Protein chains: 4
Amino acid sequence: MQKIMDAASRLIAQKGYEATSIAEIAREAGVSKGLLYNYFSSKQDLLEKMVLGAMSEADNVMGRLIDDDPRRTLENMIRELFRQLRERSEHIRLMMELTFKIDRFDFVRKMASDRYELYIRFIEDLFQKIGIPDPANEARMLAALCDGIGVQYTVLKGVYSIDQLEEFLVNKYCKKDQSHEMGH
Amino acid sequence: MQKIMDAASRLIAQKGYEATSIAEIAREAGVSKGLLYNYFSSKQDLLEKMVLGAMSEADNVMGRLIDDDPRRTLENMIRELFRQLRERSEHIRLMMELTFKIDRFDFVRKMASDRYELYIRFIEDLFQKIGIPDPANEARMLAALCDGIGVQYTVLKGVYSIDQLEEFLVNKYCKKDQSHEMGH
Amino acid sequence: MQKIMDAASRLIAQKGYEATSIAEIAREAGVSKGLLYNYFSSKQDLLEKMVLGAMSEADNVMGRLIDDDPRRTLENMIRELFRQLRERSEHIRLMMELTFKIDRFDFVRKMASDRYELYIRFIEDLFQKIGIPDPANEARMLAALCDGIGVQYTVLKGVYSIDQLEEFLVNKYCKKDQSHEMGH
Amino acid sequence: MQKIMDAASRLIAQKGYEATSIAEIAREAGVSKGLLYNYFSSKQDLLEKMVLGAMSEADNVMGRLIDDDPRRTLENMIRELFRQLRERSEHIRLMMELTFKIDRFDFVRKMASDRYELYIRFIEDLFQKIGIPDPANEARMLAALCDGIGVQYTVLKGVYSIDQLEEFLVNKYCKKDQSHEMGH
DNA sequence: AATGAATGAGACTTCATTCAT
DNA sequence: GATGAATGAAGTCTCATTCAT
C-alpha cells in the first residue's frame, strides 16, 4: 500500500493527476492494477489518501520548527519553505495543481481552508509576539507571499534564483534591528 | 469563431482544461463539433489562441494604468488586480491552472517567463523612481505577493475577504508619508 | 474541371485514394470544395471520371503503337509499357491500387474485365500472326507478366533494374531468329 | 488474441484495411474494442502482427515444398501458388493491397524487398541447376509472372480460368523433354 | 492478497457532403 | 459559376473500473 502511494506520489507530482494513469502507477509500484483497487476505491480516493498522508507528514515537520523565540520560529519556517522548494519542488507543484481542482475534489476545499486558517492564526500569533502592528493583515500577506514564491519558483525554475530571496525575507521578518521596514 | 472562443473561455476557465470536452464547448457555442476544427487545429490550439488573446487584452488594460506619478501607477495596478479578482476570478484560476501545466504546453512556458521578466522590470523601475531601496528584490516580492493573493482568493473565495487587503497594500506601497514600513 | 481532375490525379496517384481528402484536392486545384461538387457528385464519381479519362487516353496511345509487322507492334507495346513505368509509375501504382478495390467500386470491375478481354484478344491475335503455338495461353502469360512487372517495379522502385528486363523481353518475344525459346 | 487476429484477418483480407473498422473487428471477434488495445497498440500494429504471422506461416509451407529434384521443387511451388489462389485468394488480395501501401507502412517495404530478394535467389538457383540459360532474368520473369497471375486472378476471379494456366506453366518450366521453349 | 483479461463510455479528430449567399 | 461555413457520422484510441480465478 505504501509502495503504491509512493509510486503515485512520484508520478502524479511530476506529471499531473490526469496525465498519470492507473496503469502507470501500478507498473511503477510493481503491482497489478487489480490490487490497487483493493486498497483504494478509485483513482480519486488514492489521490486523497496520498495527499492527506503528505499533509500529516508536513504537520510533523512544522512541529519541529517551533522555538521559544518567535523570531527563530519564523526564520525556521521560512528556511524550511525554501528547503522544500529546493528539494521537493514537484510536491509543491502537485499541491498547487490540486489547489486549482478545488471544485472537482471536495476534500481539497476542506483541507485548503482548514490549513489556511491554521497557518494564518499561527503566524499572526508570532507577529503579535514580535510586536509587529496589524499582525492580521501582515500574516495574510506573508502567507500569500509564500504561496506566490512557490508558484513562481515551480514555474520559472531555471530562471528563478531563490537564495537572495531567502536572505531578504529572513532579514525583513526575523532580524531585530533592521526589520519591519520596507525601505530606508 | 469568437462565439467558440467565448464558450471555451467560459467553460475551461470554470471547469478546467481536461474537464471540459470539445463536445461541451461546441454545444455551449451552439455549433457542431466539426466546425470547431475549421478554426482550431486541435483542442490545444484552441486553448493557445484563447489564452494568447486574453493576454494581449490584458496588455491593453495594463497600458491604460500608467500614470505620470509612479505611486499612482502602482496604485492603479494594485487596484486593477483586485478588480480582476472580484470580477473575473475564473480567468485568474485558468491562468494559474495552466501555469502548472507548463511541461505539457510549451507556449505556456514561453509566455510565463516572458511576462514575468516584463512585469518584474516594470515594477522594479517604479520602485526605483519612488525611491524604495533594493528595488530588485522588492519587485520580486511584490510580484510573488500578487500571485499568492491570486492563488488564495481563487481557492478560498468565500472565506477570503479582499477589501482590507487591498487598502493595506495600497497604503503600504503607494502612500507617501507612512509608506515603506512594515510595522509601527 | 480539367484542373480538378489533374489535381486529383496527381494527389491520388501519389498518396492513394483514402489518404487524399477532398479538401486537399480542392486546394491543389486552386478551387473551393463547393465547386468540386458542381462537377462531380461525389468523391467516388471524381475518381471514376478521372480513371475513365486516363483509360481513353491510354487507348489513344495504344492505337499509335500498331504496326503492319506484328513483331513490331509487340515490341512497341513492350517498350511503351517500360516507358510508362519509367515516366508515370504513380499512375500505374494508382491503377493497381484500384484493382484491389474492385469490390468497392463497381466501375473498376467492369473496366478491368473489359480491358482484360480486349488486350488478351489483341495479343493472342498478334501471337497467331507471328506463329507462336498455343497463342491463347501465351497471351494470358504475357499479360500476367506485364502486370507482374508493374507490381514489382512500383514496389521495389529503387532496387528493381528495368533496362535489362526490357531487352530480355523484346528479344524473347519480338526477334525472329532466337525467339520462342526459354533456353537453348 | 488469436481470435482477434483471425477476425481481423478475415475482414481485412476481404474488405481491405481502411474499409474495416476496429469496431467491426472487435464485433467479429466477439470482444470489446478496448480489449483489442490490450494486445495491439494500434490498428496498424494489428495489421503488422497479422501479416508477419502469415508470412512466417508461409515460410513453413515453402520449406515443405523443397525436393531433391529441382524440377520437382519448381513444380511444387507452382502448384502451391495455384492452390493458394484457389483456397485463400483473399489473403493474396490483402498482400497485394498492402504492397501498394508501401509508402504508408514501413514494415511492408522491408518485408517486400527482403522476400523478393529471397525468392528470386531461390528460383535463380533452381534454374541454374536445371540448366536454363540466363537464369537471373528468367527468375525475375517467373517471379513477375506469379505476381501477375495473382493480380489477375484476384480481380477477374469469375472469368479467369486457372487450371489450364497451371498445366501450361508446369509443362513449360518443369518437364524435361518439351521444356524451355516458348513455341514449337 | 493478488492478478490481468475484459469492458464500455467517452475523448479527440477527420472528412465527405450540403447549402445559403 | 463559385464560395466556404457548417454539419454529423464515423473512426481510432484511452482509461478507470470490474470480476473470475
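Just so it is clear, the model here is predicted, and its values are computed rather than measured. Labels below follow one simple rule: chain letters A, B, ... track the order of the sequence lines, proteins then strands, and each chain is numbered from 1.
With respect to B:Asp103 and A:Arg93, no salt bridge is recorded, no charged nitrogen being found less than 4.0 Å from a carboxylate O.
Where C:Gln44 and B:Ser41 meet DNA chain E, the nucleotide closest to each residue was compared, and B:Ser41 sits on the side nearer the 5' end. When each of D:Asn38 and B:Tyr37 is assigned the nucleotide of DNA chain E with its nearest heavy atom, D:Asn38 is the one assigned upstream, toward the 5' end.
Here E:dC12 presents its P atom at 12 Å from CG of B:Leu47, a figure rounded to the nearest Å. When rounded to the nearest whole Å, the span between CE of B:Met1 and C1' of F:dG4 equals 15 Å. The separation between D:Gln2 atom CD and E:dA5 atom P is 16 Å, rounded to whole Å. The distance between atom CG of A:Leu36 and atom C1' of F:dC19, rounded to the nearest whole Å, is 16 Å. In this structure, A:Ile25 places its CD1 atom 11 Å from P of F:dT17, rounding to the nearest Å. Remark: C1' of F:dT17 and OH of A:Tyr39 are 18 Å apart, rounded to the nearest angstrom. Atom CG of C:Leu46 and atom C1' of E:dC15 are 15 Å apart (whole Å). In this structure, D:Arg27 places its CZ atom 16 Å from C1' of E:dT7, rounding to the nearest Å.
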Where do B:Leu94 and B:Met50 land on the side chain to side chain contact (heavy atoms under 4.5 Å, CB included) test, with the steps shown first? CA-CA 11 Å; B:Leu94 171 58; B:Met50 180 185 120; 3.3 Å; yes

What do the steps show when you test D:Glu18 against D:Lys101 for side chain to side chain contact (heavy atoms under 4.5 Å, CB included), and what is the final call? CA-CA 11 Å; D:Glu18 10 258 338; D:Lys101 299 218 195 313; 2.5 Å; yes

Assess the residue pair C:Ser89 and C:Thr154 against the criterion (side chain to side chain contact (heavy atoms under 4.5 Å, CB included)); give the C-alpha distance rounded to whole Å, side-chain angles, the decisive distance to 0.1 Å, and a yes or no. CA-CA 6 Å; C:Ser89 73; C:Thr154 320; 5.6 Å; no

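The aromatic rings of B:Tyr17 and B:Phe105 sit perpendicular, their planes meeting at an angle over 60°, well past the 30° parallel limit.
Smallest separation of non-hydrogen atoms from B:Ile4 and B:Tyr39: CD1-CD1, 3.7 Å. Shortest non-hydrogen contact noted between B:Val155 and A:Ala112 is CG1-CB, 3.8 Å.
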Nucleotides 8-11 of chain E: which of its N/O atoms have a protein N/O under 3.5 Å away?
| from | atom 1 | to | atom 2 | distance (Å) |
| --- | --- | --- | --- | --- |
| E:dG10 | O6 | D:Lys33 | NZ | 3.3 |

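Using a 4.0 Å heavy-atom criterion, one finds that A:Phe40 contacts no nucleic acid atom at all.
Judged by Watson-Crick or G-U wobble contacts below 3.5 Å, the nucleotide E:dA2 has F:dT21 as its partner. The base-pairing partner of F:dA10, taking Watson-Crick or G-U wobble contacts with both distances under 3.5 Å, is E:dT13.
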